[in-house]
Colleague: 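Structure incoming, see below.
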Amino acid sequence: MKKEEQESLDPQNWDEMRTLGYRMMDDAIDYLSSIRERPVWKETPDDIRVKFRENAPEGPQDAAEVYDEFKQDIMPYVMGNTHPRFWAWYMGNGTILGAMADFLTSVVTPNAGAGNHIGQFLEEQVISWMLEIVQYPKTGSGILVSGGSMANYVGITVARHVKAGYDVRAQGILEGGTQFTVYASTEVHSCNQKAVELLGIGAKYLRKIPTNEDYTIDIALLQEKITDDRKLGYVPLCIIGSAGTVNTGAVDDLEALSVISKKENMWFHVDGAIGAIAMLSPKVRPSLKGIELSDSVALDLHKWMHVPFEAGCVLVKSRSGHQDAFQLIPEYLQQNKKGLASGKDWFSNYGIQLSRRMRSLKVWMTLKEHGKAKLGRMISRNVDQANYLAEIVRSTSELELMASVGMDIVCFRYIDPSMDLDATNKLNQSILIQLHEKGWAVPSYTTLNGKYCIRVAIANHRSRLEDFAFLVEKVLEVGEELKSDK
Ligand SMILES: *Cc1c(COP(=O)(O)O)cnc(C)c1O
C-alpha cells in the first residue's frame with residue numbers, strides 16, 4: 001500500500017499521544033487543585049497577544065509543542081472563573097469530572113441531533129431529571145442548548161407558535177397581521193429582548209414594566225399595560241418572569257404572573273438562568289414558588305450547577321407545542337423503522353440546531369457524581385455567604401448595601417460623607433479595577449438608581465467565608481488609599 005493511503009489525522013505514534021494525554025491530565029489536576037494560590041485574573045500581555053495574529057500554519061507541528069504553547073500562552077490568561085474569588089456577571093466554576101466528561105464527549109463525538117443512539121436516551125434522562133427538579137410533569141419536554149440565551153429564545157419561540165392564533169410558521173408575522181406584545185420587568189435579561197427581536201415582534205413591543213423597590217415586577221402595572229395594549233388592538237402573547245434577575249437576583253412573584261397569564265390566555269415563560277436550578281436548594285425553593293405553574297422555563301446549568309460551559313436547558317410543559325414549533329422533516333431526515341436512522345423524537349425536532357454536541361454526558365456525570373442534595377447544599381451555602389457579606393457591609397460604616405440580597409447577589413459600594421455622587425461613582429470604579437488588576441478578587445458592577453455598585457454574584461462552589469472577609473479588607477484598603485490620593 002502506498003503511504004498516503006494509510007494517512008489519517010490519527011497520531012503516528014499512539015504511545016507518544018498517550019504520554020502527552022497523561023501529562024495534560026496531571027497539569028489539569030495541578031491547576032485546579034492549586035487554583036486558590038493564583039491571582040484570579042491576569043491581563044494578557046502585548047507580547048502574547050501578537051502571537052494570536054499569526055497566519056494559519058501551512059505545515060504540521062508536534063502535538064506536544066502545541067500543548068506547550070497552550071500552557072505558556074493561553075492557560076495563564078484565561079477568564080479566571082474557576083477561582084474561589086471570581087464573582088463577576090454570573091458564572092459557574094466547572095468541575096474536574098465535568099471537564100473529563102467534555103473530553104469523553106469529544107472522544108466519541110456523536111451528533112446528538114439525530115439518530116438511534118445512546119446520546120438520545122442520555123439526554124432524555126437528563127431532561128426528565130430537570131423536569132423533576134423544577135416540579136414540571138414528566139409529560140413535558142425539553143432540550144439542552146448552549147446556554148440561557150438560547151433557552152429563552154427557544155421558550156419564547158414556542159410561546160409565539162402556540163399563542164399566535166394562526167400558523168405563524170407558515171404565514172409569518174406580516175401576513176398574520178397581528179402585532180404581538182411581550183411583557184417583562186425592566187430588569188429582564190437582554191437576551192430576551194434579542195429573542196423578541198429575532199422573532200420579528202420588535203424590541204419596542206417587549207413591554208418593560210417598572211419594578212417595585214425590591215426589583216421585582218410591579219404586578220398592578222403589568223395588568224394595566226396588558227389591558228391598555230388589548231384596547232389598542234395589540235395581541236398580548238407572553239409574560240416573561242425572572243427567577244433571579246441579573247442585577248440583583250430578584251425573583252418576580254411567579255404565582256401572580258401565572259394567574260395573569262391564565263386569565264389573559266397568554267404564555268408564561270420563566271427566565272430561570274440564575275434561579276431555576278436553585279430548586280435543588282431547600283433554602284431557595286420557597287422563593288421560587290410558582291415556577292412549576294409556568295409554560296416554559298430556561299435554566300443555565302453552566303451557572304449555579306457548575307457544569308463546564310456550555311450547558312443550558314429549556315423545559316416546555318406542552319411537548320406537542322414544543323415539537324410543533326420546531327419539527328421540520330425533509331426527506332434526508334426521514335426516520336426509518338430500524339437501524340441508526342430509526343427512533344422517534346430526535347432532538348432536532350425540539351430546537352434550532354441539527355448537529356449538536358452531546359452535552360448531556362457532562363450534565364449526567366455531574367448529577368451522578370454529586371447528587372441533587374450536595375448540589376443543592378452548594379447553592380444554599382452561596383446564599384449564606386451572600387448574607388454573611390451583606391452583614392459585614394451593613395456593619396462597616398465605609399460601606400453601603402445597595403439592594404436587598406437577591407439569592408446570592410450582593411451589591412454594595414464604598415462611601416465617604418464628604419464625596420458627592422459623581423466622585424463616589426468614580427471611586428468605586430477605581431476600586432473595582434484595582435481588585436481585578438491585583439488579581440485579588442473579580443466582582444463585577446452594576447448601576448442602581450444612578451449609583452455605581454460593586455456587584456458580587458456568588459455562584460461559586462469554591463468560595464469560603466474567609467474570601468469575603470478578604471474582599472472587604474481589600475475594598476477598604478484600596479478605598480482609603482485612593483481617597484487620600486485625591
Ligand atoms: C446569564 C443569563 C442569561 C443568558 O444566559 P447565557 O448562558 O449567558 O446565554 C439570561 N438570563 C439571565 C437572568 C442570566 O443571568
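Quantities reported herein were computed from a predicted structural model and do not represent experimental measurements. First listed ligand is number 1; within each ligand, the first listed atom is number 1.
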Colleague: Pairs of nitrogen or oxygen atoms closer than 3.5 Å, one from Asp300 and one from ligand 1: do any exist?
Modeller: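 Yes, there is a polar N/O contact under 3.5 Å.
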Colleague: For residues 299-322, which residue pairs pass the salt bridge (Lys or Arg N to Asp or Glu O under 4.0 Å) check, not counting sequence neighbours?
Modeller: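 Output for this query lists Asp300-Lys303, Glu310-Arg359, Arg319-Asp345.
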Colleague: Among Glu187, Lys303, Glu310, His302, whose heavy atom sits nearest atom 15 (O) of ligand 1?
Modeller: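 It is Lys303 that holds the nearest heavy atom.
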Colleague: Which of the atoms of ligand 1 are close to Ser149, meaning less than 4.0 Å from one of its heavy atoms?
Modeller: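 That gives atoms 4 (C), 5 (O), 6 (P), 9 (O) of ligand 1.
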Colleague: Are the charged groups of Lys289 and Asp253 less than 4.0 angstrom apart, N to O?
Modeller: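 So Lys289 does not pair with Asp253 through a salt bridge.
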Colleague: Going by the order shown, which atoms of ligand 1 are within less than 4.0 Å of some heavy atom of Ala273?
Modeller: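 Every atom of ligand 1 under 4.0 Å from some heavy atom of Ala273: 2 (C), 3 (C), 10 (C), 11 (N), 12 (C), 14 (C).
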Colleague: Please could you name the atoms of ligand 1 that Ile274 approaches to less than 4.0 Å, counting only its heavy atoms?
Modeller: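 Counting from 1, the qualifying ligand atoms are 15 (O).
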Colleague: Ignoring angles and geometry beyond distance, decide whether Gly244 reaches within less than 3.5 Å of ligand 1 through its nitrogen or oxygen atoms.
Modeller: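 Min N/O separation from ligand 1 is not below 3.5 Å for Gly244.
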Colleague: Here's one to test your reading of the geometry: is the NZ or CZ of Arg462 within 45 degrees of the ring axis of Phe86 and under 6.0 Å from its centre?
Modeller: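 Not satisfied by the 6.0 Å and 45° rule.
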Colleague: Checking Lys163 against Trp267: charged group under 6.0 Å from the ring centre and within 45 degrees of the axis?
Modeller: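 No, a cation-pi geometry is absent between Lys163 and Trp267.
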Colleague: Give a yes or no answer on whether the side chain of Ser281 reaches the backbone of Val284 with a donor-acceptor pair at less than 3.5 Å.
Modeller: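 The answer is yes, because a donor-acceptor pair under 3.5 Å joins these two groups.
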Colleague: Say whether Gly312 and ligand 1 are in contact under the criterion: heavy-atom distance to a ligand atom below 4.0 Å.
Modeller: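 Flag not set, Gly312 not near ligand 1.
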Colleague: In ligand 1, which numbered atoms sit nearer than 4.0 Å to a non-hydrogen atom of Gly147?
Modeller: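 Within the 4.0 Å cut-off of Gly147, ligand 1 contributes 7 (O), 9 (O).
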Colleague: My understanding is that only one of Lys283, Arg377, Arg464 makes a salt bridge (Lys or Arg N to Asp or Glu O under 4.0 Å) with Asp384; could you say which?
Modeller: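 Only one option passes, and that is Lys283.
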Colleague: Of the side chain and backbone of Cys191, name the one, both, or neither that has a heavy atom under 4.0 Å from an atom of ligand 1.
Modeller: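 Contact part for Cys191 vs ligand 1: side chain (C-beta onward).
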